[in-house]
Structures are given as structure tokens and as C-alpha cells.
*Asks:* 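Once you've had a glance at the structure underneath, I'll fire off some questions.
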Protein chains: 2
Amino acid sequence: MRHRSVTYSPARHNEATFQALADPTRRAVLDLLRRGAQPAGQIASAFPVSRPAISKHLRLLRRAHLVREHREGRHRVYQLNPEPLRAVDSWIEQYRQFWTASLNNLKSFVESEYARELEVDSRKPK
Amino acid sequence: MRHRSVTYSPARHNEATFQALADPTRRAVLDLLRRGAQPAGQIASAFPVSRPAISKHLRLLRRAHLVREHREGRHRVYQLNPEPLRAVDSWIEQYRQFWTASLNNLKSFVESEYARELEVDSRKPK
DNA sequence: ATAATGCGTAACTGTACGGTTACGCGAATC
DNA sequence: GATTCGCGTAACCGTACAGTTACGCATTAT
């Protein structure tokens, strides 16, 4: 029941990645790991949920290959692996033209370079 | 290593968006709508699942503001609204520097500008 | 050897999907 | 007015989390 026919190109590849990103805690873990690799316990201490909960999140992130784990003594160090995010990025890429076009009631027909400058500047603080 | 006060900012804003993108069928619906607005029935006919199933997917997409609905007689026409994807894009943006620069596994603490320069040069295949 | 750490896993609960069939309601057609 | 069409919703089932507490197994410290 869990498998559908692949008639509409569901991009099975990204499946685990998109699924892993669906949870805000997991995204926050990734954000945390951008600052550097950390052992599981330290990651858990940054969140208001229990350590086993984080352990399970890490399992899903592992399954999606978004993190790598290696042992150091009795520590399990987790490291960010942003590679799978490229697939997400290229999926989003197909929509980028839409929101720049629709946003452009201003006369400025922004070229991709110029647009990038803009959105870096107008980063919302919240 | 310290920084225990990570504040756990889960970006509640994107919450519904990421969640909506987690399902491959919903992503395929969005992909379909890129070609133009369509009534619900026509969308459903493009998928191997039942019409009510698609109806529920559309509800989630509506909740995430990824589609707009308006009535035309007895049809309910759905239209793509890519705006929320910008938030996803800017989240991913923060990782863009990583996935090319960090192939060498140096936990590059590089400045964003510098990283971008580097990644053009250091093309390690593995 | 014994105790304390670090962390995954098992077991259990509640909730949100993802899918289905049955149904209902407004719009269009006859 | 009766019927058909288009589509959302209700009711129901199975599964996958998200969280918890209890436990077990290495590794390190005493």
C-alpha cells in the first residue's frame, strides 16, 4: 500500500530529503550543525525536547543522508552533509522565475544577478 | 561549543510550507500547476489516486498558501502561488555555500564571499 | 572492578496523514 | 423539476511520526 506506480515522476530521489525537512526541529538541527560538527548530546541540549527525541530526529536525518555520524570514544559526532539539499534547490529553481515575475509589478526587470543582490539585502530579521 | 541559548527558533513561518512539500504527490500537483491553472477534477485525473485524496492534498496546499482557489461555475479552479517558496529558497540559500565548498570535509568556517570564490576553484570530484 | 557518561533503542501513547468509499450540495443541463 | 456533473467532506482504516520513560550497551573515569 505504501508504493504507488511511478507514472507521474514523483522524484523518489528527493523523497527522504523533503520528508526530513518537514519537521522544524530537524531543520533547526541542520541549522545548528552549520556551525560545526557536534556530539548527539550537545545537539540535544540545544532543544527543549528529550534526548531520545533528538536521537530519533538524527536517525531520520541520517536516513536522508543529511548528516553523517562517526564515533569518537563514547561520543557520536554528527556532521552536516548538505549534499542532498542540492536536489531540493534544483526543484525550487524551477519556481524561481515565477516569483520574480509576479513580484515584478515594479518596472525593474531584474536579471538573475541583480535579483540575488536584492534578496540578500532585504533579508527579514525574523 | 557552548551557546546553550540557541532559542530554538523553528521558523514557524515556513512550517506549513515545508510540511506541504513533504509529500511527492503535492509536489507533483505544484509541478502540474506550473503549466497553468486547472480545476480540481482535471488535476485529480492526472494522478493514480482517488479524487478525494487529491482534494485533501489541495486542502493542505491551500493551507500553506501554495495554491489559490476560485470558483468558475461548478468548477473550482486552482492556481499556483509560488510566493511561499521564497522562504524555502532563502533557507536553502544558507546552505548553498556548503555543498560545493565542503566536499573536502574541511569544516570550512569560510566567509560567504570567500566561499563563493573558492568553490569555483576547488573542484574535487569526491 | 565499579561507577558514571553518552547515546541508541524498545515500548507505549497521541496525532496527523494518505488512502478509500459513501454522501451531500450547488451549478449546469434536460 | 429532475438529473447529471464537479468537488468538498465525513467516516473509517492503517501507518508513520513526535514525544515520553525505561533500559541496555559501550566507553571513560575512579
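Residue numbering restarts at 1 for every chain, and letters A, B, ... go by the order of the sequence lines.
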*Asks:* If you look at every strand shown and take non-hydrogen atoms under 4.0 Å, does P39(A) touch a base, only sugar-phosphate, or nothing?
*Replies:*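 Sugar-phosphate contact only - P39(A) comes under 4.0 Å of backbone atoms but never of a base.
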
*Asks:* Below 4.0 angstrom from OP1 or OP2 of dC25(C), is there any side-chain N or O of R76(B)?
*Replies:*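 Indeed not, no polar side-chain atom of R76(B) lies that close.
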
*Asks:* Determine: side-chain N/O of R26(B) to OP1/OP2 of dG18(C), distance under 4.0 Å, yes or no.
*Replies:*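 Answer is yes, contact under 4.0 Å.
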
*Asks:* Please tell me if S50(A) has a side-chain N or O lying less than 4.0 Å from either OP1 or OP2 of dT20(D).
*Replies:*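 Checking S50(A) against dT20(D): at least one side-chain N or O falls below 4.0 Å of OP1 or OP2.
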
*Asks:* Strictly below 4.0 Å: does H57(B) bring a side-chain N or O up to OP1 or OP2 of dC17(C)?
*Replies:* no

*Asks:* For dT28(D), does either OP1 or OP2 sit under 4.0 Å from a side-chain N or O belonging to H75(A)?
*Replies:* no

*Asks:* Does any N or O in the side chain of Y95(B) come within less than 3.5 Å of the main-chain N or O of D31(A), such that one atom is a donor and the other an acceptor?
*Replies:*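 Checked: pair present.
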
*Asks:* By nearest nucleotide on DNA chain C, pick out whichever of G41(A) and L60(B) is the more 5' one.
*Replies:* G41(A)

*Asks:* Are there over 12 heavy-atom neighbours, none belonging to R34(B), within less than 6.0 Å of that residue's CZ?
*Replies:* yes

*Asks:* What integer distance in Å separates K56(B):NZ from dA11(D):C1'?
*Replies:*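 To the nearest whole Å, that distance equals 9 Å.
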
*Asks:* Please check the phosphate of dG8(D) (OP1 and OP2 only) for any side-chain N or O of Y78(B) closer than 4.0 Å.
*Replies:* yes

*Asks:* Cluster question for you: counting only ILVMFWY and a side-chain heavy-atom cut-off of under 4.5 Å, with indirect links fine, are V29(B) and L60(B) together?
*Replies:*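 Each belongs to a different hydrophobic cluster.
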
*Asks:* Which distance, rounded to the nearest 0.5 Å, do you find between the CD1 of I54(B) and the CZ of R59(B)?
*Replies:* 13.5 Å

*Asks:* Counting the atoms with a prime plus P, OP1 and OP2 as sugar-phosphate, which does L58(A) contact under 4.0 Å by heavy atoms, base, sugar-phosphate, or nothing?
*Replies:* nothing

*Asks:* So, OP1 or OP2 of dC17(D): does either fall under 4.0 Å of a side-chain N or O from R63(A)?
*Replies:*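 Checking dC17(D) against R63(A), a side-chain N or O does come within under 4.0 Å of OP1 or OP2.
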
*Asks:* From CZ of F47(A) over to P of dC7(C), roughly how many Å is that when rounded to an integer?
*Replies:*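 Going from F47(A) (CZ) to dC7(C) (P), I get 14 Å.
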
*Asks:* Nearest whole angstrom, please: distance from the P of dC7(C) to the NE2 of H70(A).
*Replies:*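 That distance rounds to 12 Å.
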
*Asks:* Heavy atoms only, 4.0 Å cut-off, all strands: where does R71(A) land among base, sugar-phosphate and nothing?
*Replies:* nothing

*Asks:* Between A53(A) and R74(B), which is nearer to the 5' end of DNA chain D once each is assigned its nearest nucleotide?
*Replies:* R74(B)

*Asks:* Just by modelled atom types, is the A44(B) backbone N or O under 3.5 Å from a matching donor or acceptor in the R51(B) side chain?
*Replies:* no

*Asks:* Without decimals, in angstroms, what is the distance between I43(B) CD1 and dG8(D) P?
*Replies:* 9 Å

*Asks:* Without decimals, in angstroms, what is the distance between Q42(A) CD and dG8(C) P?
*Replies:*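 Spelled out: CD on Q42(A) to P on dG8(C) is 14 Å.
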
*Asks:* Please work out if A40(A) contacts a base, only the sugar-phosphate, or nothing of the nucleic acid, heavy-atom cut-off 4.0 Å.
*Replies:*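 Answer is sugar-phosphate: A40(A) comes under 4.0 Å of backbone atoms only.
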
*Asks:* Once you round it to whole Å, what is the distance between C1' of dC7(C) and CD of E69(A)?
*Replies:* 10 Å

*Asks:* Classify the side chain of R51(B) versus the base of dG8(D) as yes if they form a donor-acceptor pair under 3.5 Å and no if they do not.
*Replies:* yes

*Asks:* Does any part of the side chain of L30(A), heavy atoms only, come nearer than 4.5 Å to the side chain of W91(B), both counted from C-beta?
*Replies:*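 They are in side-chain contact.
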
*Asks:* Using atom CD of E15(A) as one end and atom C1' of dC17(C) as the other, report the distance to the nearest whole Å.
*Replies:*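 Taking CD of E15(A) and C1' of dC17(C), I get 13 Å after rounding.
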
*Asks:* Just call it for Q19(A): base, sugar-phosphate, or nothing, with non-hydrogen atoms closer than 4.0 Å on any strand.
*Replies:* sugar-phosphate

